[in-house]
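Since the structure comes first, as structure tokens, the remarks are kept for the end.
Heavy atoms only: backbone and side chains are in, while hydrogens, waters and symmetry mates are out. Below, chains carry the letters A, B, ... as their sequence lines are ordered, and counting in each starts from 1.
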2 protein chains.
Amino acid sequence: MKQEDTELMMPESVDDFGLSDTSDKETSGRASMTSRAYARLRADIIAGVLIPGQKLKIEELRQLYDVGTSPIREALSLLTSDHFVERIDQRGFRVATVSAKEFDELLKTRCWLEERALRESIAHGNASWEEQVVLAAYRLSRVPRSAADDHFVANAEWEVRHKHFHVTLISACDSTMLMKFCDQLYDQNIRYRQLSGIQAYPTRDVTAEHGAICDAVLARDADLAAQLLVSHYVNTGDFLKDQLDAY
Amino acid sequence: MKQEDTELMMPESVDDFGLSDTSDKETSGRASMTSRAYARLRADIIAGVLIPGQKLKIEELRQLYDVGTSPIREALSLLTSDHFVERIDQRGFRVATVSAKEFDELLKTRCWLEERALRESIAHGNASWEEQVVLAAYRLSRVPRSAADDHFVANAEWEVRHKHFHVTLISACDSTMLMKFCDQLYDQNIRYRQLSGIQAYPTRDVTAEHGAICDAVLARDADLAAQLLVSHYVNTGDFLKDQLDAY
DNA sequence: ACGCTTAAAAAAATCGATATTATTCCCAAC
DNA sequence: GTTGGGAATAATATCGATTTTTTTAAGCGT
């Protein structure tokens, strides 16, 4: 469980969904202006507060987040590399656009990368990794997917644990780079999930799917685990795709 | 041959090795300060002028490249996401460190991603893609690997065409994201190649390897093509690894 | 009314200065 | 001789103002 990411990250807003890994890092109230701007912008983009394609005017953001131009500009530069923001020649920044085509690519690419990462993890993971997987799966199962019983309301704690489960699955793949790519794609996917504005539970039993993946992993059945993981993503993807006509 | 990358890039220095894609973009002398700083810093890091781990003092860079602090800072932020620069808490920036372990991971990850991308390209590429591959292979073969006959001197034109060949191979994979990841890893790899300071030709016939890959691709033999491509990378990797003790 | 040129407004990019934070170095105390 | 405190120094992070560039609007002639 090493923490090699020195990048700036400091969760602040509630909609953050554990995307900025708050794990074992100094979570003191003190944070650089750049980090704060970065975290808030990112959260607002993922949450859909900032609409895809929307112009991001420096002066507006400056006043909104109450910081100078430099931190805003730096945060936007960082978000550009995360593909949450697009920089236009000499015309400033805007929220990254979304499209059904891009979502397809995203889903596909995630499957390719996560499958590879999972297979490597299964091949190389040790006992400690197994335990971490079990623990992450258990913790995820202990929390309801929705914050309300009758209709769907995103449960922040479930989001955090869900991400942690998926990160743990591939954490033994022995490639920091691959893990970072998967992380990036995961976050992109969450954005699409938010934007699709799902209101209803999916009908399938997501918890059972997680359990099945966990079992296959513990049995070191790479083919089965990979197949289950990919279906898990594709199913969720198809579910979202239906609600993604707006873009 | 679409150009979807709106990111800032503007080749300036000679050591650039075609890493910033100058393809069909406005290559006028006019470029933003940020782009210039970005391109030059990047080139200097890849070329090894800026040593791994070296502190990057804003004031120094400001004077060296003759721009204000903001563009420098923004360029460094961008390079941070490219993993060419590391940002340390509140202590500024430094050139990303290198290590044998990281190189191993890099090589491994490249193989995984490029194999997937190549297989997808072979599965989905059309006639136009085939023609582009042939053309890229031919152009690469028309230029010597070394600028000098007796000892090895990097040939900028070969570098450009080599990259273009590899980009073309996977250009039909239908995933912009995957292509970007591969691009990133390619550039990281070039940095390692530069740092290793190779002086001699590799004994194997690199041109022949490219030809073989091209043939397998045209025959739509995915297994063979993938195997050849991976060997190509692993061979080059092993060759470099031997000379990488310094770090 | 339409297109072209030009002026005014808005916004982005950049700069230089200030405030903040880390580092260094010296000196005293143990 | 080492350790700890605390200036002095150096470097970063941030801000507000200035310079360019782009966008909008207006004017003019056809």
TODO: Please report, rounded to the nearest Å, how far the P atom of dT14(D) is from the CD1 atom of I72(A).
DONE: 11 Å
Open item on the list: Taking side-chain hydrogen bond (donor to acceptor under 3.5 Å, both in side chains) as the definition, give me every residue that meets it alongside R94(A), ordered by chain and number, with sequence neighbours left out.
Closed with: E86(A)
TODO: Could you check which residues of residues 54-62 of chain A get a heavy atom under 4.0 Å from DNA chain C? Sort them by number, please.
DONE: K55(A), L56(A), K57(A), I58(A)
- [ ] In whole angstrom, give the distance that lies between atom OH of Y38(B) and atom P of dT14(C).
- [x] 15 Å
TODO: List in chain and number order the residues that pass salt bridge (Lys or Arg N to Asp or Glu O under 4.0 Å) with E59(A), two or more places apart in sequence or in another chain; answer none if no residue qualifies.
DONE: R62(A)
Open item on the list: Suppose we screen for ring-ring contact (aromatic ring centres under 6.0 Å, His included). Which residues come up paired with F84(B), at least two apart in sequence or across chains?
Closed with: none
- [ ] For M33(A) and dA19(C), give me the distance from atom CE to atom P, rounded to whole Å.
- [x] 15 Å
Task: F165(A): ring-ring contact (aromatic ring centres under 6.0 Å, His included) partners, not counting sequence neighbours - done: H210(A)
TODO: Of all the heavy-atom pairs spanning F103(A) and G237(A), show the shortest one and how long it is.
DONE: CE2-O, 3.5 Å
Open item on the list: As a test of reading the structure: which of dC15(D), dT23(D), dA22(C) is closest to the side chain of Q90(B), going by heavy atoms?
Closed with: dA22(C)
Task: Distance, rounded to the nearest Å, where R73(B) contributes CZ and dT14(D) contributes P - done: 7 Å
Open item on the list: Distance criterion of 3.5 Å, no angle test: do you see the side chain of S70(B) paired donor-to-acceptor with the base of dC15(C)?
Closed with: yes
Open item on the list: Please report the distance, rounded to the nearest Å, between CZ in F93(A) and P in dA10(C).
Closed with: 22 Å
- [ ] Would you please confirm or rule out a distance under 4.0 Å between OP1 or OP2 of dT14(D) and any side-chain N or O of T34(A)?
- [x] yes
TODO: Name all residues meeting the side-chain contact (heavy atoms from CB on, under 4.5 Å) criterion together with D238(B); count only those two or more places apart in sequence or in a different chain, and write none if there are none.
DONE: V234(B), K241(B)
Open item on the list: Is it the case that over 12 heavy atoms from other parts of the model lie below 6.0 angstrom from the CG atom of D66(A)?
Closed with: no
Open item on the list: Rounded to whole Å, how long is the line connecting atom CZ of R94(B) with atom P of dA11(D)?
Closed with: 17 Å
Task: Interatomic distance where CD belongs to Q63(A) and C1' belongs to dC15(D) [whole Å] - done: 14 Å
Open item on the list: From CG of D89(A) over to C1' of dT21(D), roughly how many Å is that when rounded to an integer?
Closed with: 10 Å
Open item on the list: Quick check on dT21(D): is either OP1 or OP2 less than 4.0 Å from any side-chain nitrogen or oxygen of R91(A)?
Closed with: no
